Amino acid sequence: MGKAPIITPQSEDFPKWYQDLLNKAELADNGPVRGTMVIRPYAYALWERMVSEMDTRIKAAGAENAYFPLFIPESYLHREAEHVEGFSPELAVVTHAGGKELEEPVVVRPTSETVIGEFMAKWVQSYRDLPLLLNQWSNVVRWELRPRTFLRTSEFLWQEGHTAHATSADASAYARTILEDVYRDFMVNVLAMPVYVGRKTADERFAGAINTLTLEGMMKDGKALQMGTSHELGQNFSRAFDVNYQDAEGTQQFAWTTSWGSSTRMMGGLIMAHGDDRGLVVPPRLAATQVVVLVVRDDDSGSVGAAARTLMDELEAVGVRTKLDDRLDVQFGRRATAWELKGVPLRIELGPRDIGEGLAIVARRDTGEKIPMQLSEVAGTVAPALERIQSELLSAAIVSRDDRTHNVSSVDEIFDAVEGGFARIPFTSLDEASITRLSDKGITVRCIQTAEGEAPESEDEPGLTALVAKAY
RNA sequence: CGGGACGUGGCGCAGCCUGGUAGCGCACCUGCUUUGGGAGCAGGGGGUCGGGAGUUCAAAUCUCCCCGUCCCGACCA
């Protein structure tokens, strides 16, 4: 059998492909409340790997983890004018609790600048208390009108960093450190996603920020996905929450704060950046399971199973995250398909035939190639092979990204260019009217970049380009 | 909130127009045969058709009301 595709081909219907994959690879289900999702174990294991890799980088950047409450007094949101305006429409508000109506409604955090600002004010007295570098891993709620699993859900998991600094320059530098050393490093080197970094235009900025830096990933359908953001908040929140300190000269100063976040949306990005018609493709450095040792079938003595277990032990001994699949009551084809759907980077097949010849078949998920290999050599070759796959995934993604990024010189050319890709245009070629024209077609300025493809210090630098695309 | 569609076993659907107490595919369970790419055959379990009211001898099918969901638009990590 097996003629019909397992999942809808990407070329036929990309959103359907995404949905099918979520189901077939057992990644996620919709929750009972609109816009919520259940993250299934396999996807959650990937998320845990993301958390682990990100957390290491966040700590290397000097931030410490803490935890702030889920509930925020509604009044806090109102203290920063733009912030409340930006978030009000999507707030979940608790008006009743403990069987009665609350005196002051409580909002479920959509982000924590406000509560954290309140406590920063308490903790910061002196310039010696700065910088204060905090991060928290938590869930947040934004009542989205158009939910889409992983990409835009009413509740999602994320990390949000919040820092306070003595000077604007310090805050600005830190926002950039996070952008580059935490987010970009993780996305490029672990997710194998060659994200574009840049600066958001004023229209696209975070509510209450003076500058928003972003990382934009390109999905296989050519649409953009914002993978993370790092904001300079200026003194907007420190003024609203009285985060002030006494400087070395004895003068009271308001601190300069930043905030930065990345979420389970990255799961969606991962899926749409690397997935193909056979399912998910997980980069080895991210994979919770890097290798699955699959017992094709066994003989009466169980010698194949024994060899498989030995191999698994050898692999784990050299630090390869390995899983054994010896479910002989499930057909080989079904199991092979299931692991492909899940995107496990390498599959090692063992059967009586192979064992007899001292061989194992090593199958690569990304290319589909199957290589017979001496069983005794497998453990030694897998780790470098995983690294090779990692770098080839990234190279392929870079090529594909570059192929689909089109330099244009006029607004009219953008419409064609963003069908299946991004357009790059001199920032000065865009005016108010053309941006409106574009947004009428669902096309937005993702970010502005310097000629070198970096995030500029301001919108006014000469030679800037705008990266324009349709976005999720 | 504006426009469109839909709600029938776990999932996807047919049945409704021309009322007669429910069917198909996948999934699930049991057995046998298979097992190196999503198995075959046989047997079997599971729904009362989103909710309520009405018409009728009889409603998944007709009427009315309500609820919910999905798609398109405005918002968005």
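Labels below follow one simple rule: chain letters A, B, ... track the order of the sequence lines, proteins then strands, and each chain is numbered from 1. FYI, side chains are in, hydrogens and waters are out, and symmetry mates aren't considered; it's all heavy atoms of this structure. What you see is a predicted model, and the numbers here were worked out from it, not measured in a lab.
- Set against B/rC76, B/rG36, B/rA77, the side chain of A/Glu90 has B/rC76 as its closest nucleotide.
- Judged by distance alone with a 3.5 Å cut-off, a donor-acceptor contact links the side chain of A/Arg152 to the base of B/rC76.
- Place A/Arg205 and A/Arg335 on RNA chain B by their nearest nucleotides, and A/Arg335 ends up nearer the 5' end.
- Across all strands shown, A/Gln226 has heavy atoms under 4.0 Å from sugar-phosphate atoms exclusively, and none from any base.
- Side-chain contact of A/His162 with A/Glu160: a donor-acceptor pair under 3.5 Å is present, judged by distance alone.
- No hydrogens or angles considered: nothing links the side chains of A/Arg184 and A/Asn189 as a donor-acceptor pair under 3.5 Å.
- Rounded to a whole angstrom, the distance from the P atom of B/rG44 to that of B/rG50 is 28 Å.
- Closest-nucleotide positions on RNA chain B for A/Val296 and A/His231 were compared, and the one nearer the 5' end corresponds to A/Val296.
- Remark: ring of A/Trp158 does not overlap the six-membered base ring of B/rA77 in a stacked fashion, as centroids less than 5.5 Å apart with planes less than 30° apart are not both met.
- Heavy atoms of A/Asp354 sit under 4.0 angstrom from at least one base atom.
- Among the protein residues, A/Arg353 comes within range of the nucleic acid bases, having at least one heavy atom under 4.0 Å from a base atom.
- In the model, A/Tyr196 has no side-chain atom that pairs as donor or acceptor with a side-chain atom of A/Thr214 under 3.5 Å.
- If you check the side chains of A/Arg446 and A/Thr444, you find a donor sitting under 3.5 Å from an acceptor.
- A/Gln159 and A/Ser262 are linked by a side-chain donor-acceptor pair at a separation below 3.5 angstrom, with hydrogens and angles left out of the test.
- If you check residues 360-371 of chain A against RNA chain B, the residues with a heavy atom closer than 4.0 Å are A/Ile361, A/Lys370, listed by number.
- Among the atoms of the strands shown, none is found under 4.0 Å from any heavy atom of A/Glu160.
- A donor and an acceptor atom, one from each side chain of A/Thr258 and A/Trp260, are located under 3.5 Å apart.
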